[in-house]
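Just so it is clear, the values below take in all heavy atoms, side chains as well, and ignore hydrogens, waters and symmetry mates. Owing to the predicted nature of the structure, the values given are computational and were not obtained by experimental measurement.
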Amino acid sequence: MPWFDWKCCGDESLQQDVSTISKAGTLQNDAMEPASAAPEAFSTNSNGASQTQNDRFEVEVNNAKGDEMGLVFHHSDKYLLVASVDAGPIQEWNGRQENDAMRIRAMDRVAMVSGLTGSKAELKDMLMQKGDMKLLMEHSRLLGVMLAKDGDALGIKLSTWPGAADAMITAITSGIITEFNKRAPLEKQIKVHDIIVKFNDRITPGEEIIEMCEQLQKFKLTVRTYAAS
């Protein structure tokens with residue numbers, strides 16, 4: 001029989017929980033305090049940022065030039081993800097924040113712009129409008145998933161990009177990932193558009209991740225995930 005378990009990885013900037021799914025299918029949880037703990041209840045800090053839950057936060061900025069405001073975006077075809085932050089209003093915003101949880105960093109997701117949501121392209125167009133705006137941002141989580149296929153299907157389809165050191169989940173089909181998701185709470189499930197960022201704890205070219213997921217029977221995936229849309 002296939003088996004699997006998982007736990008959130010120990011990135012100091014990300015929430016950490018520990019859960020185990022036993023071979024018998026029983027889900028057990030042992031919650032750990034987030035490394036950058038944020039209040040569960042809605043609160044507002046002195047710089048105007050609003051923390052709405054542990055991994056989402058609001059940023060108020062002025063886009064005087066009508067450009068990307070110093071944000072460089074990731075190659076994801078689904079989410080508007082931040083690859084890096086260069087000089088501009090966002091970098092200035094980050095410099096004013098005492099709480100690191102309120103700073104925009106690499107692989108954060110732009111969830112809404114001034115109360116509006118949309119596709120990746122639509123969000124980027126809204127973000128590049130001149131004037132004051134409020135961004136709803138989301139920090140990612142890292143899930144470490146141990147898998148043993150034992151001849152069963154993994155049940156995911158993957159894609160990557162030239163030179164990329166990650167692979168995106170483009171579909172979930174029948175297999176052990178589906179069984180894993182049945183036992184995991186929603187916020188800890190593996191979803192379409194999640195990104196595999198490490199294979200067996202190593203940063204690995206995306207093409208090799210895809211090949212090894214097909215060939216190997218036992219391995220660990222580190223998956224970068226976001227809240228359900």
Side-chain angles (χ1 to χ4, degrees), residues 13-15 36 38 42-45 47-97 99-142 156-172 186-187 189-197 206 223-229:
S13 65
L14 299 172
Q15 295 185 53
S36 298
F42 186 95
S43 65
T44 303
N45 73 8
N47 292 307
S50 299
Q51 186 80 36
T52 56
Q53 61 184 55
N54 281 346
D55 50 5
R56 287 193 172 192
F57 60 104
E58 291 180 342
V59 173
E60 296 182 12
V61 290
N62 178 270
N63 191 345
K65 296 182 179 179
D67 59 11
E68 291 92 344
M69 297 187 290
L71 294 175
V72 178
F73 295 107
H74 185 265
H75 51 239
S76 165
D77 60 357
K78 167 66 174 179
Y79 298 135
L80 187 59
L81 302 181
V82 176
S84 61
V85 179
D86 293 341
I90 298 300
Q91 190 176 88
E92 294 170 4
W93 163 269
N94 283 348
R96 295 194 296 269
Q97 306 311 307
N99 184 352
D100 184 63
M102 310 307 295
R103 297 187 181 113
I104 296 177
R105 53 187 180 237
M107 300 312 295
D108 282 356
R109 171 193 174 197
V110 182
M112 299 179 73
V113 177
S114 296
L116 300 175
T117 188
S119 66
K120 174 182 177 179
E122 290 168 339
L123 286 169
K124 187 174 181 180
D125 286 345
M126 290 187 281
L127 182 144
M128 293 180 64
Q129 299 296 313
K130 288 186 177 181
D132 294 331
M133 64 185 64
K134 183 180 292 185
L135 307 179
L136 179 62
M137 303 297 300
E138 180 185 350
H139 296 316
S140 65
R141 294 172 189 234
L142 294 178
I156 57 175
K157 295 182 180 180
L158 301 171
S159 68
T160 189
W161 303 263
D166 53 36
M168 177 173 282
I169 298 172
T170 58
I172 296 178
L186 180 62
E187 70 274 12
Q189 292 176 9
I190 296 173
K191 302 180 295 295
V192 172
H193 302 300
D194 285 352
I195 301 170
I196 299 173
V197 295
V223 180
R224 188 178 297 279
T225 187
Y226 298 85
S229 300

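- With sequence neighbours left out, the side chain to side chain contact (heavy atoms under 4.5 Å, CB included) criterion links M168 to S76, D77, S159, W161, H193, I195.
- At a threshold of 4.5 Å between non-hydrogen side-chain atoms, the residues K78 and V192 do not count as touching.
- Evaluation of the side chain to side chain donor-acceptor pair (under 3.5 Å) rule for S119 yields E122 as partners, not counting sequence neighbours.
- Every residue meeting the side chain to side chain contact (heavy atoms under 4.5 Å, CB included) condition with V72, not counting sequence neighbours, appears here in chain and number order: A83, S84, D86.
- K130 NZ to K65 NZ: the interatomic distance, rounded to the nearest 0.5 Å, is 10.5 Å.
- Residues that satisfy the side chain to side chain contact (heavy atoms under 4.5 Å, CB included) test with M126, not counting sequence neighbours, are V113, L116, L123.
- Not counting sequence neighbours, T160 has no partner by the side chain to side chain donor-acceptor pair (under 3.5 Å) test.
- Side-chain N or O atoms of T170 include one that pairs as donor or acceptor with a backbone N or O of K157 at under 3.5 Å.
- For D132, the side chain to side chain contact (heavy atoms under 4.5 Å, CB included) criterion is met by N62, not counting sequence neighbours.
- For the side-chain contact (heavy atoms from CB on, under 4.5 Å) test with H74, the passing option among V82, L80, L81, D108 is L81; the others fail.
- Proximity of M107 to Y226: side-chain heavy atoms (C-beta onward) are separated by under 4.5 Å at one or more points.
- Counting heavy atoms from C-beta on, the side chains of D166 and H75 come closer than 4.5 Å.
- One finds the CD1 atom of I104 at 6.0 Å from the CG atom of N94 (value rounded to the nearest 0.5 Å).
- When all heavy atoms of Q189 and D194 are compared, the closest pair comes out as O-OD2, 4.0 Å.
- Counting heavy atoms from C-beta outward, E68 and K124 have side chains that approach closer than 4.5 Å.
- The closest side-chain heavy-atom distance from M112 to K134 is not below 4.5 Å.
- Between the OH atom of Y79 and the CD atom of E138 there is a distance of 7.5 Å, given to the nearest 0.5 Å.
- N63 CG to Q129 CD: the interatomic distance, rounded to the nearest 0.5 Å, is 8.5 Å.
- The nearest pair of heavy atoms linking G206 to A167 is O-CB, 4.2 Å.
- The distance from the CE atom of M133 to the CG atom of L127 is 5.5 Å, given to the nearest 0.5 Å.
- Taken to the nearest 0.5 Å, the CD1 atom of I90 stands 4.5 Å off from the CE atom of M69.
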